[in-house]
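The figures here come from the full heavy-atom set of this structure, side chains too, leaving out hydrogens, waters and symmetry mates.
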Amino acid sequence: MSQRTERRGIHVDQSELLCKKGCGYYGNAAWQGLCSKCWREEYQRARQKQIQEDWALAEKLQREEEAAYASSQGSQSQSTPPQAQPSQAALGPFSKFEEKKTNEKTRKVTTVKKFFSPSSRTASKKETQEGKTPSPSISRQSSMETDRVSRDFVDFLKNLHKPGREIHKQCRAFIESMSHKKDLGADELSECVQDFYQNMSDRLMSHFKGSSESVERVMDQVEKYIMTRLYKSVFCPETTDDEKKDLATQHRIRALHWVTIQMLCVSMDEEIPEVSDNVVKAITDVIEMDSKRVPRDKLACITRCSKHIFSAIKITKNEPASADDFLPALIYIVLKANPPRLQSNIQYITRFCNPSRLMTGEDGYYFTNLCCAVAFIEKLDAQSLNLSPEEFENYMSGHASPRRPDSDSSWPQTSPAHDPATTNPILAQLHQNLELLTGLSGRQEKLMEAAQTLQTDLLSWQESVQQEVQDILEKYPLEIRPPTASAIDAENVENDRLPPPLTPQVFAG
């Protein structure tokens, strides 16, 4: 195929990883290419606009209802003649009834206004205390990990003395308040957590007098404590379609199992033992991400995975890896690993991680690249892999499978110096086992053929023996003669030589 001589590779401009607002921070596909700060500003602006529109609608409905009510009252008063009007005393009970109805209508409209107001989501302290019900997740016995994290958090706060007690009090109050907000959507839960992060960070900044390192250290512990306690209620909540996206991504990656390292133009030679070890470690790290509860720990798994990929590329090329080499390799690792609940983990990090980690630093860079890799896998087509549409469809449907090209092609070939049997002992053992299995398969086929031949011979031998017995019985029929009575020793020819029988003798005495 002549197209393979013009391989393009996967290239993403580094400017595409940054926020579309131009603030200089890393963007995210889940936030429409914005960073967490710009996304929150856009979200709050859109939310405030929606609240204003709902408020205007409520006021419009109120005016229409009041106008309709006034017109109905005016038509009734005009249709009643003066002489037929009842006395003022007779109108007393009816006037009270109308006044009560008007007050009830006004109360309902006011309630609608409050429903659309920003403060409607936050109940008063008295109402919260009256409607407080123990949450199953809070009242349930904490797991060992939760207990350990709680002890570590308390031990950490002891070094802060008075501020530590206040931080612990606020964290516990926040967790308690979140237990009453299970009906909120994922974005609203994220907004609550991010607001708490922001308020806590501002207070810590004033306490530590602008020391960002101290604030980050405390915020890491706060995030670890809070998200470990809230993990079960906020990870992949029922109000989202995260689980549906997880299944779709898993099915997509399984359908792309045929994608080779050459199709992605990945600069890694897995036949080198050190490269193979780094690939295995990278796959392990990205799979291990699902077992972590804290967003920061999930980010750490992504960071370790990315560093193993950079090491593998550096060993292969004998030079530092570039950003253009990293993204195709990350896509290849994700395809080989097929991490469990990948979309849910990405959304969980996006919603509940400390925003400063996603906006800057190596954690934010690697996480942004992972989001780009997942987006690329979802949109992967024939042109991305430099294949024809027919080839791509055949590979996706399973009607064909890519093979290693011949030696005259432009694809890299394995030289004798890089033979797996001499470079990688694991691959050498694998090839040896495959050769043994091939030999055993041949021997098994021969054994099955011999067994079938033996079974045929046994059946034919049985039939031949039965035929011979039948022929003999027909030729020499069996005759049974009746027995003749005779003495026991009648046929004994040596009876004459026997001594005479003994006779009894009598002695006088």
To the nearest 0.5 Å, what is the distance between CD1 on Ile349 and OG on Ser344? 11.0 Å
What pair of heavy atoms forms the shortest contact from Met289 to Lys298, and how long is it? O-NZ, 3.0 Å
Let me see the working for Asp285 and Lys307 under salt bridge (charged side-chain N to carboxylate O under 4.0 Å, His left out), right down to the final yes or no. CA-CA 10 Å; Asp285 288 330; Lys307 290 183 176 180; over 6 Å; no
Phe352 and Pro295 have their tightest heavy-atom pair at O-CG, 3.8 Å
Parallel, tilted or perpendicular: which fits the ring planes of Phe235 and Tyr348, with parallel below 30° and perpendicular above 60°? perpendicular
Could you measure the distance from the CG atom of Leu342 to the NZ atom of Lys245? Nearest 0.5 Å is fine. 12.0 Å
Arg351 versus Ser190, closest heavy-atom pair with distance: O-OG, 2.7 Å
Looking only at heavy atoms, what is the nearest atom pair of Met200 and Met219, with distance? CG-SD, 3.6 Å
Nearest-0.5 Å distance that lies between atom CE in Met263 and atom CG in Leu335: 11.5 Å
Quick check for you: to the nearest 0.5 Å, what is the distance between Leu264 atom CG and Asn386 atom CG? 11.5 Å
Test side-chain contact (heavy atoms from CB on, under 4.5 Å) on Val334 and Leu370; report intermediate values, then the result. CA-CA 9 Å; Val334 174; Leu370 178 62; 4.0 Å; yes
Please tell me if the side chains of Tyr395 and Leu385 come closer than 4.5 Å, counting only heavy atoms from C-beta onward. no
NZ/NE/NH1/NH2 to OD/OE distance under 4.0 Å, Arg148 and Asp152: yes
Before giving the answer on salt bridge (charged side-chain N to carboxylate O under 4.0 Å, His left out), spell out for Asp297 and Lys292 the whole-Å C-alpha distance, their side-chain angles and the decisive distance to 0.1 Å. CA-CA 6 Å; Asp297 295 341; Lys292 304 299 182 181; 6.0 Å; no
So for atom CD, which belongs to Glu243, do other residues, nucleotides or ligands contribute more than 12 heavy atoms lying within a distance under 6.0 Å? no
Are the side chains of Pro339 and Asn345 in touch, meaning some heavy atoms are under 4.5 Å apart? no
I'd like to know if the side chain of Arg229 and the backbone of Ser150 have a donor-acceptor N/O pair within less than 3.5 Å. no
After noting the C-alpha distance and the side-chain angles of Arg293 and Lys232, does the key distance pass the side-chain contact (heavy atoms from CB on, under 4.5 Å) rule? CA-CA 9 Å; Arg293 291 191 171 192; Lys232 292 183 178 180; 3.8 Å; yes
Please determine, by modelled atom types, if Glu274 and Asn278 share a side-chain donor-acceptor pair under 3.5 angstrom. no
Does either side chain, that of Thr303 or that of Asp363, offer a donor lying less than 3.5 Å from an acceptor on the other one? yes
With no hydrogens and no angle check, do the side chains of Ser356 and Glu216 hold a donor and an acceptor under 3.5 Å apart? yes
Less than 4.5 Å apart, side chain to side chain, heavy atoms only: is that true for Asp381 and Ser384? yes
Taking every heavy atom of Cys171 against every heavy atom of Val222, the minimum-distance pair comes out as SG-CG1, 3.9 Å
Are any of the side-chain heavy atoms of Lys224 and Phe153 separated by less than 4.5 Å? no
With a 4.5 Å cut-off on side-chain heavy atoms, are Val193 and Phe174 touching? yes
With side chains defined as the heavy atoms from C-beta onward, is the minimum distance between Arg296 and Asn354 less than 4.5 Å? no
Using side-chain heavy atoms (C-beta onward) and a distance below 4.5 Å, is Leu358 in contact with Leu299? yes
Grab the two heavy atoms, one from Gln170 and one from Phe196, that are nearest each other, plus how far apart they are. O-CE1, 3.9 Å
Check whether Tyr225 reaches the backbone of Arg172 with its side chain - one donor and one acceptor, N or O, closer than 3.5 Å. no
Classify the side-chain pair Thr249/Asp246 by whether it contains a donor and acceptor separated by less than 3.5 Å. no
Run the side-chain contact (heavy atoms from CB on, under 4.5 Å) check on Glu270 and Ile261 step by step: do they pass? CA-CA 9 Å; Glu270 290 187 90; Ile261 196 171; 4.1 Å; yes
Ignoring hydrogens and geometry, is there a side-chain-to-backbone donor-acceptor pair from Ser397 to Glu393 under 3.5 Å? yes
With heavy-atom distances below 4.5 Å as the criterion, would you say the side chains of Arg217 and Phe156 are in contact? yes
CD1-CG distance between Ile313 and Asp324, expressed to the nearest 0.5 angstrom: 10.5 Å
Under 3.5 Å, is there a donor-acceptor pair between the Glu145 and Tyr231 side chains? no
Does atom CD of Glu238 have more than 12 heavy-atom neighbours from other groups under 6.0 Å away? no
Quick one: NZ on Lys181 to CG on Asp183, what's the gap to the nearest 0.5 Å? 12.0 Å
Given the rule in the salt bridge (charged side-chain N to carboxylate O under 4.0 Å, His left out) test, do Asp147 and Arg151 qualify, once you have shown the distances and angles that lead to the verdict? CA-CA 6 Å; Asp147 293 339; Arg151 290 194 300 269; 5.2 Å; no
Looking at Arg203, I'd like to know if its CZ atom is crowded, meaning that more than 12 non-hydrogen atoms belonging to other residues, nucleotides or ligands lie closer than 6.0 Å. no
Spell out, as yes or no, whether a donor-acceptor pair under 3.5 Å connects the side chain of Glu378 to the backbone of Ala373. no
Run the side-chain contact (heavy atoms from CB on, under 4.5 Å) test on Leu380 and Ile331 for me, step by step, so that the C-alpha distance in whole Å, both residues' side-chain angles and the decisive distance to 0.1 Å come before the verdict. CA-CA 11 Å; Leu380 192 65; Ile331 294 172; over 6 Å; no
Tell me if a side-chain donor or acceptor on Ser276 pairs with a main-chain N or O of Pro273 at a distance below 3.5 Å. no
